[in-house]
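Dropping the structure in here first, questions after.
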Amino acid sequence: MSDSAAGHPELPPSMTHTRLDLDRARRTGLPEAVYAEGKSVAECVEIVGYLLDTPHADPVIATRCTDEQLAALGELSPEGRWSRTLTWRHRPPMGTAPVALVSGGTSDAPVLEECLGTLTATGVPTKVVRDVGVAGLHRLLGSLDELTDASAIITFAGMEAA
């Protein structure tokens with residue numbers, strides 16, 4: 001399906017660096033996300049600007065941004081900033097039980113924040129429980145009340161898992 005056939009304007013001729021999946025939200029329920037790592041500031045601004053200018057109402061998400069990308073994209077007035085992730089056009093919150101995001105240690109915060117921003121932008125309610133790692137099982141058990149009503153639990157444990 002071409003971009004225009006999917007209700008999106010054709011990509012600008014200058015956007016030869018990226019093939020956007022503009023039909024992703026219809027197919028999967030999740031919007032296209034801009035993975036900024038490895039992209040120039042100009043490419044990120046062009047991609048996000050294009051997504052924000054299109055008539056659809058899908059959330060716009062840019063992840064793994066550098067300081068320079070954050071500064072340039074921040075001028076586009078994001079609705080949310082989570083560490084190295086910026087988001088725009090959030091969906092309304094769903095009326096479901098929250099997804100619990102649980103980090104093993106403080107070094108897991110950047111990935112947890114990326115997930116938190118993405119879920120928030122897509123309308124998924126969340127609950128965050130930080131730093132329940134290897135120092136003792138009591139830290140996790142002390143958070144059980146916060147986890148029992150979760151619809152799902154996503155854990156982040158990089159160095160803690162080692």
Side-chain angles (χ1 to χ4, degrees), residues 17-18 20-22 24-25 28-52 54 56-162:
H17 50 79
T18 304
L20 295 174
D21 184 358
L22 300 173
R24 181 177 301 190
T28 69
L30 297 172
E32 174 76 320
V34 178
Y35 183 74
E37 191 170 298
K39 291 180 177 61
S40 71
V41 172
E43 289 169 341
C44 288
V45 168
E46 183 178 26
I47 297 164
V48 170
Y50 173 82
L51 292 172
L52 290 173
T54 60
H56 64 81
D58 296 333
V60 176
I61 303 165
T63 67
R64 310 268 171 114
C65 298
T66 64
D67 290 339
E68 294 80 14
Q69 292 165 336
L70 287 169
L73 293 172
E75 293 179 15
L76 301 175
S77 301
E79 288 182 37
R81 177 176 176 178
W82 292 269
S83 186
R84 301 260 171 218
T85 298
L86 297 173
T87 58
W88 300 260
R89 290 200 307 232
H90 296 180
R91 290 181 184 154
M94 296 178 197
T96 60
V99 171
L101 308 179
V102 182
S103 70
T106 56
S107 65
D108 304 313
V111 180
L112 182 146
E113 293 290 327
E114 181 178 14
C115 183
L116 177 60
T118 301
L119 290 174
T120 300
T122 57
V124 177
T126 58
K127 180 185 295 189
V128 176
V129 181
R130 297 180 189 272
D131 198 20
V132 297
V134 299
L137 184 58
H138 67 283
R139 286 170 44 191
L140 178 59
L141 294 177
S143 301
L144 283 182
D145 289 343
E146 298 175 78
L147 303 176
T148 55
D149 67 341
S151 60
I153 299 173
I154 301 173
T155 60
F156 304 87
M159 293 303 294
E160 296 294 331

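Just so you know, these numbers use all the heavy atoms, side chains as well, and skip hydrogens, waters and symmetry mates. One is the number of the first residue; the rest follow in order along the sequence.
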Item to check | Set of residues satisfying salt bridge (Lys or Arg N to Asp or Glu O under 4.0 Å) with respect to R130, sequence neighbours excluded | outcome: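 By the salt bridge (Lys or Arg N to Asp or Glu O under 4.0 Å) rule, R130 matches E113.
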Next on the checklist: Could you measure the distance from the CD1 atom of I47 to the CG atom of L52? Nearest 0.5 Å is fine.
Outcome noted: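 Answer rounded to 0.5 Å: 12.0 Å.
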Checklist entry - Who pairs with W82 by ring pair (Phe, Tyr, Trp, His ring centres under 6.0 Å), at least two apart in sequence or on another chain? => result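 W82 satisfies ring pair (Phe, Tyr, Trp, His ring centres under 6.0 Å) with H90 once adjacent residues are dropped.
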Checklist entry - Residues two or more places apart in sequence or in another chain: which of them pass side chain to side chain donor-acceptor pair (under 3.5 Å) with E146? => result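 In terms of side chain to side chain donor-acceptor pair (under 3.5 Å), with neighbours along the sequence ignored, E146 is linked to no residue.
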Item to check | With sequence neighbours excluded, residues passing side chain to side chain donor-acceptor pair (under 3.5 Å) with K39 | outcome: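 K39: no side chain to side chain donor-acceptor pair (under 3.5 Å) contacts found.
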Checklist entry - How long is the gap from CG on L73 to SG on C44, to the nearest 0.5 Å? => result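 So the gap between those two atoms works out to 5.5 Å.
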Item to check | Contacts of E32 that satisfy salt bridge (Lys or Arg N to Asp or Glu O under 4.0 Å) - sequence neighbours left out | outcome: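 Testing E32 for salt bridge (Lys or Arg N to Asp or Glu O under 4.0 Å), a comparison that skips the adjacent residues, returns R24.
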Checklist entry - Where do L76 and W88 come nearest, in terms of heavy atoms and distance? => result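 For L76 versus W88, the nearest heavy atoms are O-NE1, 3.3 Å.
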Item to check | Set of side chain to side chain donor-acceptor pair (under 3.5 Å) partners for D149, sequence neighbours left out | outcome: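 Side chain to side chain donor-acceptor pair (under 3.5 Å) check on D149 returns K127.
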Item to check | With A25 via side chain to side chain contact (heavy atoms under 4.5 Å, CB included) - residues at least two apart | outcome: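 Side chain to side chain contact (heavy atoms under 4.5 Å, CB included) list for A25, sorted by chain: D58, R91.
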Checklist entry - Taking all atoms of both residues into account, what is the closest heavy-atom pair of D108 and G105, and its distance? => result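 Heavy atoms only, the tightest pair is OD2-N, 2.9 Å.
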Checklist entry - Side chains of V48 and L86: does their closest heavy-atom pair fall under 4.5 Å? => result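 They are not in side-chain contact.
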Next on the checklist: Give me the atom names and distance for the closest heavy-atom approach of T54 to R89.
Outcome noted: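 Minimum heavy-atom contact is O-NH1, 3.7 Å.
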Report all side-chain donor-acceptor pairs from residues 96-104 shorter than 3.5 Å, counting only partners two or more places apart or in another chain.
residue	atom	partner	partner atom	Å
S103	OG	D131	N	2.9

Checklist entry - Got a sec, which residues hit side chain to side chain contact (heavy atoms under 4.5 Å, CB included) with L30, two or more places apart in sequence or on another chain? => result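 With neighbours one apart ignored, the set is T28, T122.
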Checklist entry - Could you give the distance from OG1 (T106) to CG (L112), rounded to the nearest 0.5 Å? => result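 Rounded to the nearest 0.5 Å, the OG1-CG separation comes to 11.5 Å.
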Checklist entry - Which of these, V60, T63, I61, sits in a side-chain contact (heavy atoms from CB on, under 4.5 Å) with T87? => result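 With T87 as partner, V60, T63, I61 yield a single side-chain contact (heavy atoms from CB on, under 4.5 Å), made by I61.
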Item to check | Sequence neighbours excluded - salt bridge (charged side-chain N to carboxylate O under 4.0 Å, His left out) pairs with any residue from residues 64-78 | outcome: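 Listed once each, the pairs are R64-E114, D67-R84.
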